[in-house]
Amino acid sequence: MATGRLEAVFYRDGRLRPGWRIALFFFFFIFFSVVGQLAINVLPRNSLQWGSLAVSTAAALLAGWIVLSHVDGRPFGALGFPLHRRVARETLLGFVIGGALIGAAVLLLVISASARFSPDAGGVLDLAAFLAWSFLFFSLAAAWEEAVFRGYPFQALVEWVGAWPATFIASAIFSALHAANPNVTPLGLANIFLAGVLLSVAYLRTRSLWFATALHVGWNWTMASLLDFPVSGLDFETPVYTGVPTGPAWWTGAAFGPEAGLVGTVVLAAGTALLIRSRRLREDPEMHRLRPLVDQRLVAEAL
């Protein structure tokens with residue numbers, strides 16, 4: 001009898017309960033992160049940031065693969081990064097949507113005479129090198145954030161509590177982890193919560209982390225590198241020109257960037273509504289055959 005009660009604590013319908021699977025993911029994630037960080041301490045100091053991002057991304061993907069494969073009995077592709085015929089299309093579409101959304105925000109600032117662009121030091125070759133370097137950086141940063149916040153823990157949470165509750169919980173944690181960023185404001189944290197909702201919906205509509213990650217990259221890279229506005233309080237100083245907010249902070253986001261302004265709220269809400277209502281976004285049939293944890297029934301009920 002005691003054995004039966006103990007088994008019920010860990011298992012439901014013959015499967016390890018989602019809460020324990022999430023805990024198992026974070027155990028492996030922390031273990032691989034620590035081991036990887038110790039390994040890269042031999043790198044030169046100026047390579048540590050890149051090394052830490054690579055280790056975090058690899059740790060999240062490896063932890064997700066171990067739990068998904070050995071506990072859930074699904075292939076790695078079910079996590080959201082399968083190699084199928086629509087990868088290029090999903091990636092390009094996500095990147096364009098992310099870039100277009102933040103581009104629309106900056107366009108609103110310019111039209112409302114709340115931002116302008118000023119000349120800055122550097123030449124065309126400096127700009128090209130910076131855009132390439134920053135694209136790789138933001139791609140790696142987005143990959144690790146998506147692997148954690150829309151990867152295995154989020155997917156198991158959806159299976160456990162449903163799509164919208166999981167989206168709110170993951171987005172709240174995503175926002176809280178930005179609380180120590182430079183120049184952060186309450187509206188900035190609220191908008192990062194909305195960004196978490198946007199990215200969660202991007203995954204839920206497609207089950208594709210290619211799409212969600214590319215949307216994340218498109219938003220951050222366009223804002224920080226192509227338009228030279230701070231991204232979550234971090235300024236990357238694009239050569240040749242610089243974006244300058246000139247309007248009120250409540251509208252422009254000031255030193256935190258458009259994510260801390262009402263303009264950010266407008267485009268994030270509009271973008272989320274667009275993804276929810278779009279009839280073009282759907283799960284690829286090949287992804288469906290991989291049996292992701294987030295099934296069609298859960299998403300149909302929530303969205």
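Taking hydrophobic clusters as Ile, Leu, Val, Met, Phe, Trp and Tyr residues chained together by side-chain heavy-atom distances below 4.5 Å, Met287 does not share a cluster with Leu275. Under the 4.5 Å side-chain heavy-atom criterion for ILVMFWY residues, a single connected hydrophobic cluster contains both Leu83 and Tyr203. There is a path of hydrophobic side-chain contacts, each under 4.5 Å, that joins Val71 to Trp20. Hydrophobic cluster membership is shared by Ile169 and Val201, with clusters built from Ile, Leu, Val, Met, Phe, Trp and Tyr side chains linked at under 4.5 angstrom. Cluster membership check: Leu53 shares its hydrophobic cluster with Phe81, using side-chain heavy-atom separations under 4.5 Å among Ile, Leu, Val, Met, Phe, Trp and Tyr.
Between the side chains of Gln155 and Trp160, not a single donor N or O lies within less than 3.5 Å of an accepting N or O.
Taking a cutoff of 4.0 Å between a charged side-chain nitrogen and a carboxylate oxygen, Glu159 and Arg15 qualify as a salt bridge.
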Under the side chain to side chain contact (heavy atoms under 4.5 Å, CB included) criterion, do Ile192 and Ser232 qualify, and how do the steps go?
CA-CA 8 Å; Ile192 290 176; Ser232 302; 4.1 Å; yes
Steps toward side chain to side chain contact (heavy atoms under 4.5 Å, CB included) verdict (Leu198, Leu215)
CA-CA 9 Å; Leu198 171 75; Leu215 195 157; 3.8 Å; yes
Checking side chain to side chain contact (heavy atoms under 4.5 Å, CB included) for the pair Asp120/Thr238: CA distance, chi angles, key distance, verdict?
CA-CA 8 Å; Asp120 203 351; Thr238 300; over 6 Å; no
Could you give me the CA-CA distance, side-chain angles and deciding distance for Glu283 and Thr206, then say whether side chain to side chain donor-acceptor pair (under 3.5 Å) is met?
CA-CA 4 Å; Glu283 178 187 34; Thr206 62; over 6 Å; no
Side chain to side chain contact (heavy atoms under 4.5 Å, CB included) evaluation trace for Leu281 with Ser278
CA-CA 6 Å; Leu281 290 181; Ser278 174; 4.1 Å; yes
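Summarising the geometry of Leu204 relative to Ala163, their closest heavy-atom pair is CD1-CB, 4.1 Å, with the distance given to 0.1 Å. Ile22 and Pro153 get closest at one heavy-atom pair: CD1-O, 3.7 Å. Listed here is the closest heavy atom pair of Pro230 and Pro258: O-CD, 3.8 Å. Between Val148 and Ala60 the shortest heavy-atom distance is CG2-CB, 3.8 Å. Minimum heavy-atom separation, Phe229 to Ala115: CZ-CB, 3.9 Å. Shown here for Ala179 and Val184, the closest heavy-atom pair between the two residues is O-CG1, 3.2 Å.
Side-chain contact between Phe32 and Gln37: absent, with no pair of heavy atoms (C-beta onward) separated by less than 4.5 Å. Taking the side chain as every heavy atom from C-beta outward, Leu194 and Thr272 never approach each other to under 4.5 Å. In this structure, Leu101 and Thr222 have side chains that are not in contact, with every pair of non-hydrogen atoms separated by 4.5 Å or more. Here the side chains of Ile97 and Leu93 are in contact, with some heavy-atom distance below 4.5 Å. Residues Val217 and Phe95 are in side-chain contact: their nearest non-hydrogen atoms beyond the backbone lie under 4.5 Å apart. At a threshold of 4.5 Å between non-hydrogen side-chain atoms, the residues Val263 and Val106 do not count as touching. The side-chain heavy atoms of Trp65 and Leu79, taken from C-beta on, include no pair separated by under 4.5 Å. The shortest distance between side-chain heavy atoms of Phe193 and Phe168 falls below 4.5 Å.
Here ring-ring contact (aromatic ring centres under 6.0 Å, His included) pairs that include residues 235-287, with residues two or more places apart or in two chains, are Phe137-Phe236, Phe138-Phe236.
At least one donor-acceptor pair under 3.5 Å links the side chain of Arg21 to the backbone N or O of Leu16. Remark: side-chain polar atoms of Ser171 are paired, donor with acceptor, to backbone N or O of Val197 under 3.5 angstrom. The backbone N or O of Ser69 sits nowhere less than 3.5 Å from a side-chain atom of Asp72 that would complete a donor-acceptor pair. Checking side-chain atoms of His178 against main-chain N and O of Phe174 turns up a donor-acceptor pair under 3.5 Å.
The CZ atom of Arg150 sits 8.5 Å away from atom OG1 of Thr213, with the distance rounded to the nearest 0.5 Å. Taking CZ of Phe211 as the reference point, atom NE2 of His216 lies at 13.5 Å (rounded to 0.5 Å). Expressed to the nearest 0.5 Å, how far CZ of Arg86 lies from OG1 of Thr91 amounts to 11.5 Å. Remark: Asn183 CG to Leu234 CG distance equals 9.0 Å, nearest 0.5 Å. Phe135 contributes atom CZ, which lies 7.0 Å from atom CH2 of Trp221 (distance to the nearest 0.5 angstrom). Separation of atoms CG (Leu140) and CG (Leu136) is listed at 8.5 Å; rounding is to 0.5 Å.
Shown here is Leu38, whose CG atom has more than 12 heavy atoms of other residues, nucleotides or ligands within 6.0 Å. Within 6.0 Å of the CZ atom in Phe31, the count of heavy atoms belonging to other residues, nucleotides or ligands does not exceed 12.
A side-chain contact (heavy atoms from CB on, under 4.5 Å) with Ser200 holds for exactly one of Phe149, Trp164, Phe154; it is Phe154.
Remark: Thr265 pairs with Asn191 by the side chain to side chain donor-acceptor pair (under 3.5 Å) rule, at least two apart or across chains. Arg74 meets the side chain to side chain donor-acceptor pair (under 3.5 Å) test with no other residue; sequence neighbours excluded.
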